[in-house]
2 protein chains.
Amino acid sequence: MQWSIQDIARLSGTTSRTLRHYDDIGLLPPTSIGTNGYRYYDEAALTRLQRILMLRDLGLALPAIAEVLAGQTDDARALVAHLHWLEQERARVERQIASVTTTIRKMEGGEQLMAEEMLDGFDHTVYKDEVEERWGAEAYAKSDRWWRELGAEGQAAFKAEEAAISGGLAAAHAAGTPADNAEVQALIARHYAWVRAGWGGTAPSAEAYLGLGDMYVADPRFAKHYGGPDGAEYVREAMRVYAASELA
Amino acid sequence: MQWSIQDIARLSGTTSRTLRHYDDIGLLPPTSIGTNGYRYYDEAALTRLQRILMLRDLGLALPAIAEVLAGQTDDARALVAHLHWLEQERARVERQIASVTTTIRKMEGGEQLMAEEMLDGFDHTVYKDEVEERWGAEAYAKSDRWWRELGAEGQAAFKAEEAAISGGLAAAHAAGTPADNAEVQALIARHYAWVRAGWGGTAPSAEAYLGLGDMYVADPRFAKHYGGPDGAEYVREAMRVYAASELA
DNA sequence: CTAGAGGTTGACGTTGCGTCAAGGTCAAGC
DNA sequence: GCTTGACCTTGACGCAACGTCAACCTCTAG
C-alpha cells in the first residue's frame with residue numbers, strides 16, 4: 001500500500017510541508033518517488049512518522065529524534081536527558097517570573113496593576129459558597145481535599161494552566177478570532193480538562209459545563225477574570241461550541 | 001563625551017555586534033556617525049542602552065522593548081503582559097515534563113534509568129545541568145549541537161582524550177607527584193584544550209576554568225571520577241597552578 | 001477539454017545575534 | 001613613509017522547524 005504525501009499528512013495529523021521538511025533533512029525519506037517527482041510512502045514510513053511525531057510532541061529536537069530512530073541513542077536515555085533540559089527550562093522561566101514580578105512590584109502602580117489583572121480570582125476558597133450552593137458541601141470538601149493534596153507545585157501548575165488558557169482565550173478574543181476556531185477550541189479542550197481535574201477527575205456533563213459558562217458571564221468576578229463581560233461571553237460561546245461538538 | 005562602539009560594548013557588558021544589530025533595527029541608533037562611517041555614542045545613548053539591556057534580561061522581546069522606550073507602552077503594563085506569557089511558558093514546560101515523565105515510566109528500564117540519574121560519568125549529557133546552570137541553556141544547546149556533529153568517531157576520540165588525561169592525573173596523584181610538576185602541567189594543558197573543545201573552541205577564562213576545578217571538588221560525581229575527593233582536589237590544585245601561570 | 005485538487009521545487013520570514021569574510025581607518029613605532 | 005595591529009565598516013550565512021507564497025507541472029473527474 002502506498003500513500004501520497006497529502007494522505008499520510010492527514011493520517012498522521014501533520015502537514016505536507018512538514019513531511020517535505022523531514023525529507024529534506026533526511027529524517028523521513030519517502031518510500032519511493034514517482035517519475036513525476038511525487039513522494040509515496042508505505043506503512044513502514046507511516047510507522048516511523050508516528051514515532052517521530054510522538055517524540056516531537058514530547059519536545060525532542062529533530063536531530064535528537066534522528067539519533068533515537070537510528071538506534072544510536074536509547075529512547076529512555078534520550079528522554080531522561082530531555083527531561084533534565086525541561087527542568088532547566090522550567091527553572092529558568094521561574095527565575096524570570098520571579099524577577100519580573102519583583103520588578104513590577106517595585107514600580108509605582110505596578111502592584112495595583114498586577115493585582116487587578118491577575119491575582120484575584122485565584123484564591124479557591126473564594127468560590128467556597130458558590131460551589132457548596134451549586135454542587136453541595138460534599139463536593140466542596142472533596143475539591144478542597146484534592147487541592148491540598150496537590151502540594152505547592154501541583155497547585156502552581158494548576159494555576160499556571162488556567163493562566164495559560166485564559167491568557168490564550170483573551171488573546172483570541174482581542175484578535176477577533178471566532179469562537180469555533182480550531183485553536184480556540186483546543187484551548188477550550190484544555191479548559192475542559194482543567195475543570196475535570198478540578199472536579200477530581202470526574203468529567204463534567206455537557207449541562208454542567210454549560211452552566212459553568214453561564215456562571216462566567218453572570219458573575220462579575222469571573223467576567224473580569226476573562227477580560228470583562230465581553231470576554232466572558234466569548235468564552236461561554238466557545239464552551240457552547242465545544243460542548244455541542246464534543247460532549248453531545 | 002563620545003565613545004566608540006567597542007567602548008560602550010565594554011561599558012555595558014555586551015558586544016559590538018549587538019550594538020550594530022540594535023542600530024539596524026532602529027532600537028539604538030548611534031548619537032553620531034563619523035565621515036569614516038564609525039558609530040559614536042554619548043551618555044544618553046548609554047543610558048538608553050542600559051534600559052534596553054535591563055528589559056532584555058527580564059526576557060522582553062526587542063520589539064516590545066522598543067515600544068516601551070518609545071513611550072507607546074507603559075513599563076508596568078508591558079511587564080504584566082510579559083508575565084502572562086511567562087506563565088504560559090511555564091505551563092507548557094510543566095505539561096511536557098509531565099508527559100515525558102509518564103512516557104519514561106512506561107518504558108522498560110526507564111524508571112531505573114531515571115533513578116540512576118545517569119551515573120555513567122561519560123555520557124556528555126551528565127554535564128548538561130552544570131553547563132546550563134553555570135553558563136545558560138543556550139551554551140548547552142550549542143555544545144550539544146557540536147557534540148552531535150562530531151559523529152561517533154569524533155565522540156570516541158573526545159572521550160578517549162579525557163580518559164587519557166584523567167588516567168594520567170590519577171596515576172600522578174597516586175605516585176605523589178606534585179601538582180606543579182611539568183608532566184602534570186602538560187596533562188592539565190591537554191585538559192584545558194579538551195575543555196575548550198567542549199566549549200566549541202571558546203577558550204575558558206582563568207576564572208571559568210578555576211570554577212570548573214571547584215565544581216570537580218564539590219560534585220561527588222566528578223570527585224568520584226577523579227578518584228574521590230582527594231583526587232579531585234589534586235586536579236583542582238593542578239588546574240590552579242596552570243591558570244596562574246598560563247591564563248594570567 | 002477544462003477545472004480543480006494535489007504535486008514539485010525554490011525561497012523568504014521568524015528571533016537575536018555569533019561568526020566569518022573582505023576591506024577601509026587610525027595611532028604608534030621604526 | 002612604512003608597517004603593524006587594533007578597530008571600524010558593510011554584507012551575508014547560520015540556527016529550529018516549519019508556514020507561507022510563488023510559479024509551474026500532473027492527475028482525475030465531469
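All heavy atoms count here, side chains included; hydrogens, waters and symmetry mates do not. Note on naming: letters A, B, ... go to the chains in the order of the sequence lines (proteins, then strands), and numbering restarts at 1 for each one.
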Fill in: Strand-adjacent residues in residues 16-26 of chain B, judged by heavy atoms under 4.0 Å from DNA chain D
B/Arg17, B/Arg20

Worksheet item: Hey, what do you get for CD (A/Gln96) to CH2 (B/Trp85), rounding to the nearest 0.5 Å?
Response: 10.5 Å

Fill in: Validation row: B/Arg56, B/Leu60 side chains within 4.5 angstrom (heavy atoms)
no

Fill in: Flag for A/Gln2-A/Ser32: side-chain donor and acceptor within less than 3.5 Å
yes

Fill in: Salt-bridge contact A/Asp180-A/Arg240 (side-chain N to carboxylate O under 4.0 Å)
no

Discussion item. Parallel, tilted or perpendicular: which one describes the rings of B/His191 and B/Tyr209, with boundaries at 30° and 60°?
Written reply: tilted

Worksheet entry | Interface with DNA chain D, restricted to residues 3-14 of chain B and to heavy atoms under 4.0 Å | B/Ser4, B/Ile5, B/Gln6

Item to complete: Answer yes or no: does atom CD of B/Gln50 have more than 12 heavy-atom neighbours from other residues, nucleotides or ligands under 6.0 Å?
Response: yes

Worksheet item: Side chains of A/Ile33 and A/Tyr40: does their closest heavy-atom pair fall under 4.5 Å?
Response: no

Item to complete: Grab the two heavy atoms, one from B/Ile52 and one from B/Leu27, that are nearest each other, plus how far apart they are.
Response: CD1-CG, 3.7 Å

Worksheet entry | Close residues, residues 28-49 of chain B, relative to DNA chain C [heavy-atom separation under 4.0 Å] | B/Asn36, B/Tyr38

Worksheet entry | Heavy-atom side-chain proximity of A/Leu28 to A/Asp23 below 4.5 angstrom | no

Worksheet item: Are A/Arg39 and A/Asp7 close enough for a salt bridge, meaning some N to O gap below 4.0 Å?
Response: no

Discussion item. Tell me the interatomic distance from A/Leu60, atom CG, to D/dA17, atom C1', rounded to whole angstroms.
Written reply: 14 Å

